[in-house]
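Structure, as structure tokens:
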Amino acid sequence: MIPRAANRLETTLLLSRKSLPRPARLYSTPSKRANAPAFATAQVPRPDFLPYLSQQAQTQRPSPRWDNVPPSEFAKQLESFLNRATPYTILPPPLPTDRSSEVNDFWYTDSTTQDHLAVMDACLHNLYDVPRAQSIFERLREKVGNPVLSTTVYNAFLEAYLKMAATKESTARAFWVGLAWDLYEVMESGKEKVFPNAGTYATMLLAWHRFNVDSLTPVNAPNAVSPTNLLANLVEREITVSRVIADRVFTSSEEVAHIIKAISKGAVALNLSNVVTELGQAEAIGTHTTDVLDGVPEVRPVLRPKRGENSDAEESTDAQNEMPFNLENLRRHLAQVTLARRVLPDDMSARQKLLEESVYDVAVERLKHETESLAKVGLDSQAPFMQANLKRWMWDWHTKLRTRLEQEVKNIVAAEERSPPKHHAALGPYLSLVNSEKLSLITILEVMKLQGSGGMYDGMKTARALITVGKAVEVEYKAQICRRNDIQIPSSPARAPGGGSVDIGFFSALGYRNLQQRRVAAARHMTDGESWTAAWSQPVRSKIGGILVDCLMDVASVVRTAVDKNTGGTISEVQPAFYHSYEYIRGQKLGVIRLNAVVAERIAKDGLRETLHPRHLPMLVKPKPWLSYDQGGYLYNKNVAMRFKDSMEQLSYLKQASAAGNVELVYAGLDVLGSTPWKVNRRVFDVVLQVWNSGERLGKLPPAVYDLPEPERPQNWETDLKARSVFLQRQKAFNQGKANNHSDRCNVNYKIEIARAFLGDTFYLPHNLDFRGRAYPIPPHLNHIGDDLSRGLLTFAEAKPLGERGLRWLKIHLSNLYGFDKASFDERVDFVEQRLDDIFDSATKPLDGERWWTKADDPWQCLATCMELHAALTSPDPLAYLSSLPVHQDGTCNGLQHYAALGGDESGAAQVNLAAGERPSDVYTYVGNMVEKRIAEDVKKGDKYAKLLQGKITRKVVKQTVMTTVYGVTFVGARDQIERQLKDRKDLPEEDCWSAAAYLAKQTLNCIGDLFSGATAIQTWLNICARLISKSIPEERLPDAMSPLRQRPGTKAARKSGLLVNRLKKEQMTSVVWTTPLGLPIVQPYRKISRKQIMTNVQSVFISDPNSPAEVNSAKQASAFPPNFIHSLDATHMMLTALECRTQDLMFASVHDSYWTHASSIDKMSEVIRDTFIALHSSDVLGKLQSEFVERYKDHKIPLVSLQHGQLTKLLRAAGSQIVCTPEQAAQLDAINELLAVQDGTTPSELGTAETEITTAKSDVETISSEQEECEEEDEDAWEDGEDATPRQKATKARKVKAEQAAVSLNGKFVNLTDIIPPLPKKGTFRVQSIKKSQYFFS
């Protein structure tokens, strides 16, 4: 007999279960008749989902008052945070491809294993081939504790086994149920180091309910576990019951009701009062909201007679009615909105879900409807109008491709069934994940989107196209899984840092812990609700993409028409819309996919809404908060927090740092950037659209028809080689300009289409990071990091009163945009006030007036500011005018600013406005004047290019080169930068630009050399550190690296030496890794190119495999480290500023070193910018970096043979590096004597070999040396026997022999990396605190 308490509990559960955090429709006991209108239940967090994550909690919380907290307290917290011991994320470097270990397999999954996981995932989906998935699973389980097999993978198989049992006959049902209980027993025992979670227990409770002996489908499973024992096990593991019964595996109301009853009885039997209480209080963790549509009848639609193919509706007695397309489509989408309202909190969220969920369906309906509409009015496929319609073409391609893919997938599946391939080579499972309708549209849209990419205006590179299409299929599959799971999206933080951190800020220890707790709870909520999916490898993506693209090229066609010049008649021909060819790019033969010329032309003219995926669009709601490395941004489309550049090492580091809670402020910063609301500036948009439709060139908008004259062929071009060369060069430039114009036209078309679609809406731009920590909006087409047009089209969605200071800053902003930005602030204000007539004319008559705004450096932003200033000044009270225009504060050559602060460089600080001054310094003009002086001197000497360039050196010509010099720009890079600027001037002959740029680049680099000596010293130190790190080898790898000296006893020592050098190079797998002040680990991805050949349906492609890393590229690691480190610093400064602006309730957006807010908030933001910069550079950034290198690479050794190169030796010596050694050791190290510091009686640097005594190494050296002498004697004998050798050849031979002998003498010897890292450059006298007094630091 059940006690009375249990009866009360059971009654309570039946009343309150529908309040648990899963949609009520999934498991609530029906309280109405079956055909009654459905009701909506608002989702709430799980019990362990912290209260302040719910939107209700946030809306009920009173708005924070930051003015109660003194600013000095935030400054102290920030300073304390930056001066703390930064937590490092330290992982072992990946092993060479011919080596493996358990540790390496744990952190870096190889491609074969990745393919096995992906095939396993695909075979489990919709029970495609569960036996095949099971066989792969069993093979992977042979390795106990296999890191790729997590609890979610085991749970996926438990679910698949239960689904198989539900679809099989009774005999097979017992087999699958038995497998499920066996697997659960393995998990519970922990012998495979995988343990149950809430999802495991939910699945097994479902297994008990469906297949216990008293069920409708009984199975006699000897090892089945009762609900009471399951309850005891989950309680022992401290898993809450509410998490179990709210799991996504439950889809039936009745099943959950029975399971809760069983759990209730078990809780009473086990005397688990806490479980009884938890279940009894289920009502307290949810709310019940009545659906506003309850009882509201359906709207009767307007119908029209349905048209038949061969019948007249008026004459038919049985005429059927149909809804007009627009109404039918509207109702279909409103049904989605109604459904979304039941899951998401408001209508905008429903719209966002609809946008992401039904994009392909909507696109298909649009294309289909437009084609049918044109057909009904008699425009068949041969009509000229139809030929020129991109949407009709796309619909035609889609219908053909869909049919073709249906058959193609069937053929592939049948072929694989007849002759099963290796598990990781199967393609049928992947192609079956997404239906042919979506496969077809994905292929068309992705290929259309790639047009003009990779430097090709009329096509794309084949490898890129195949991988992109394959990845798009993978993304859509995972988006389907997300949508199917229907997980509640945690809300973004409010203006304050959310929850309990309101009163304590981001940078206090308590605030940081609060952020971490909130993120971990939300991440667990999201992860528990997701099904397991596996990532696809690059080879798989390329093969899937190859099949789809090949089918598209086979079926897609267009009709081209032309006029016969002889007869004047029209000729029509069906041609492929896409075709494959090869071309040579930089000396390499590459496959390319080209668009038919008419298709390329239409892309630049027609609307492109159908070619845009939601992951490329802004969001209508605040982005999902970043909860983990792959949880954030769009609601249902998977994104990663960092763009990895094919670096699995960076992915592993980010995963580990995220799990350790080291990157909370990075995630918080991305949330702040993503939560800034935007709108399209309607006034600017109207002007843009008018200019675009007119086709004219204006305000950097490319013309519809390229308007520059084509060069005329000279009459003597066949006889005069110089004239011919000049003409061909000009013709090439013209063709390139025409191609660029077409590409620009397509790019602008995307922007205008997106802006038009979002008119009147408030939208958001989710952000993620590049590998250096810099933040970028994920939507690529229309965002504030884009060009002048993009920025001019955007404005904040919230407005603030200007005030006196805001009006002043609005005028300064307009002056900056026009190009008058190097004068004092007062002079800039005067500049604007003197031109108010021009400004008013631009605002009121932008196209019909004087067009003053078109002469600005940034014309569209200038126009937007003219309109804003005009609206403010003509309003009743200009100071009360509500302004939403973003106003910028830009750094002065921000990289140099960071270098000057790092090195305490007085002169450099003065040049980049770190030091206070009455007027802003302009380093670009200063360098330009220096170059002009040098040119004047060369003019006197009669230099041709000096004469050509005299008087034409503006700050714009040298700006980019000066800016990138401290980032390590090379002469070739500087030449290319300057060549682009010279061509833009249009006052130099095309054929002279390249040579003139080479001359000017040399002069510019020479002028810069002495100007920034402090920056150069730090850059050199960073470069040396990177070189040493990239040549180092972990100590545990030395025995393997030394194996050639101990193996092959019959091999000559000289041969062993060569083998050793090759092995050492192969073992150089260590990337430069450092940690930003915010705790973000940065891994440089530069490794030697190792490509894998993949056979696809289109062509054989060579792709880099990120799962098979090659040794590092030492040269690239070294040259890229200084700029990457500085970029990570400016990214940190931006994040700190964003977080502090959120703390002070300021709107904030950024473009790297350009910070945006309302005009009235500029003064407060300027103070924040200075405070965060001072705090950052007061934390001994370089000292911390050096300490991190010492800690991170303390067990790394450098082969001395790697130090014998002259340039590196000289750099080390000049930087102060020394190898302290005894006289005996020095005698053996003559090849690096420049680095040796011979001292008696002192502790030498640690020299030696791993597991190889120095004496052994000495004997090897002696043996190798004797063999080298024998070789020399043989060579000399050969020469004496009559083989001629020039003195130059003899000298070369002698140098080679000497180098080989030097290498032999260093073989087997290593030095600690930390012993040879040079000391930091001496810091100058500039104090960063003086930035407070510099009004032009950011301006």
Side-chain angles (χ1 to χ4, degrees), residues 65-75 78 495-496 505 672 676 795-796 798-817 820-833 861 865 868-869 872-873 877-892 894 897 913-920 1133-1151 1153-1176 1328-1339:
R65 292 187 57 82
W66 297 98
D67 51 350
N68 294 333
V69 184
S72 59
E73 183 61 29
F74 288 118
L78 176 59
R495 261 308 159 79
V672 169
T676 298
T795 186
F796 290 140
E798 298 177 8
K800 285 188 175 182
L802 272 177
E804 184 177 349
R805 294 290 296 174
L807 183 59
R808 173 180 170 85
W809 277 114
L810 190 61
K811 295 176 181 177
I812 293 172
H813 180 57
L814 178 55
S815 176
N816 292 342
L817 293 171
F820 190 73
D821 57 346
K822 295 308 170 187
S824 68
F825 288 143
D826 289 338
E827 290 170 341
R828 296 183 215 180
V829 173
D830 291 341
F831 173 86
V832 171
E833 291 179 346
Q861 293 176 82
T865 312
E868 192 81 353
L869 185 59
L873 294 178
D877 183 0
L879 302 187
Y881 175 75
L882 294 175
S883 173
S884 61
L885 189 79
V887 176
H888 311 168
Q889 291 281 278
D890 298 347
T892 305
N894 193 235
Q897 288 181 323
N913 292 315
L914 293 190
E918 295 182 1
R919 300 180 61 81
H1133 180 220
M1134 186 276 294
M1135 285 286 191
L1136 293 172
T1137 304
L1139 293 170
E1140 191 65 13
C1141 283
R1142 172 55 55 89
T1143 297
Q1144 298 194 24
D1145 199 22
L1146 303 180
M1147 188 73 72
F1148 182 83
S1150 80
V1151 182
D1153 61 346
S1154 176
Y1155 301 162
W1156 301 9
T1157 191
H1158 289 102
S1160 59
S1161 303
I1162 285 290
D1163 289 325
K1164 291 178 68 176
M1165 187 181 74
S1166 296
E1167 186 177 349
V1168 171
I1169 293 171
R1170 286 157 176 77
D1171 288 342
T1172 51
F1173 191 90
I1174 291 170
L1176 175 62
V1328 72
Q1329 288 76 12
S1330 62
I1331 294 174
K1332 279 276 191 182
K1333 302 177 182 178
S1334 173
Q1335 58 179 330
Y1336 299 110
F1337 167 54
F1338 267 63
S1339 63

Working to the nearest 0.5 Å, report the span between CG of L810 and OH of Y881. 9.0 Å

Starting from the C-alpha separation in whole Å, work towards a yes-or-no answer on side-chain contact (heavy atoms from CB on, under 4.5 Å) for F1148 and R1142. CA-CA 8 Å; F1148 182 83; R1142 172 55 55 89; over 6 Å; no

Work out which heavy atom in D1171 is nearest to a heavy atom in L78; give both atom names and the distance. O-CD2, 4.4 Å

SB check R808 D826 (cutoff 4.0 Å): yes

Rounded to the nearest 0.5 Å, what separates atom CG in L1146 from atom OG1 in T676? 11.0 Å

Taking the six-membered ring for Trp, is the centroid-to-centroid distance between F1338 and F1173 below 6.0 Å? no

Counting distance only, does the side-chain N/O of H1158 pair as donor-acceptor with the main-chain N or O of E798 below 3.5 Å? yes

Looking at every heavy atom in both P920 and R828, which two are closest together, and how far apart are they? CG-NH2, 3.8 Å

For the residue pair H888 and H813, categorise the inter-ring angle as parallel (less than 30°), tilted (30 to 60°) or perpendicular (more than 60°). perpendicular

From C1141 atom SG to W1156 atom CH2, the distance as rounded to the nearest 0.5 Å: 14.5 Å

Side chain to side chain, L914 and V1328, heavy atoms closer than 4.5 Å: no

Would you say T1137's side chain and I1169's backbone share a donor-acceptor pair under 3.5 angstrom? no

For the side chain of S1161 and the backbone of K1164, is there at least one donor-acceptor N/O pair under 3.5 Å apart? no

If you take all heavy atoms of N913 and S1334, which pair is closest and at what distance? O-OG, 2.6 Å

Derivation and outcome, side-chain contact (heavy atoms from CB on, under 4.5 Å), residues N816 and I812: CA-CA 6 Å; N816 292 342; I812 293 172; 3.9 Å; yes

Going through the distances and angles, do L807 and L869 end up as a side-chain contact (heavy atoms from CB on, under 4.5 Å)? CA-CA 8 Å; L807 183 59; L869 185 59; 3.9 Å; yes

Could you grab the distance from atom CG of D821 to atom OH of Y1336, nearest 0.5 Å is fine? 12.0 Å

If you count the non-hydrogen atoms of other residues, nucleotides and ligands that lie under 6.0 Å from NZ in K1332, is the total more than 12? yes

For M1147, is there any backbone N or O sitting under 3.5 Å from a side-chain donor or acceptor partner on T1157? yes

Any sub-3.5 Å donor-acceptor pair from E868's side-chain atoms to S884's backbone N or O? yes

Which distance, rounded to the nearest 0.5 Å, do you find between the CZ of R1170 and the CD of Q889? 7.0 Å

CG of L885 to OG1 of T795, rounded to nearest 0.5 Å, is 5.0 Å

Check for a donor-acceptor pair, side chain of S1160 on one end and backbone N or O of P801 on the other, with a separation under 3.5 Å. yes

Any donor-acceptor N/O pair, S815 side chain to F820 backbone, under 3.5 Å: yes

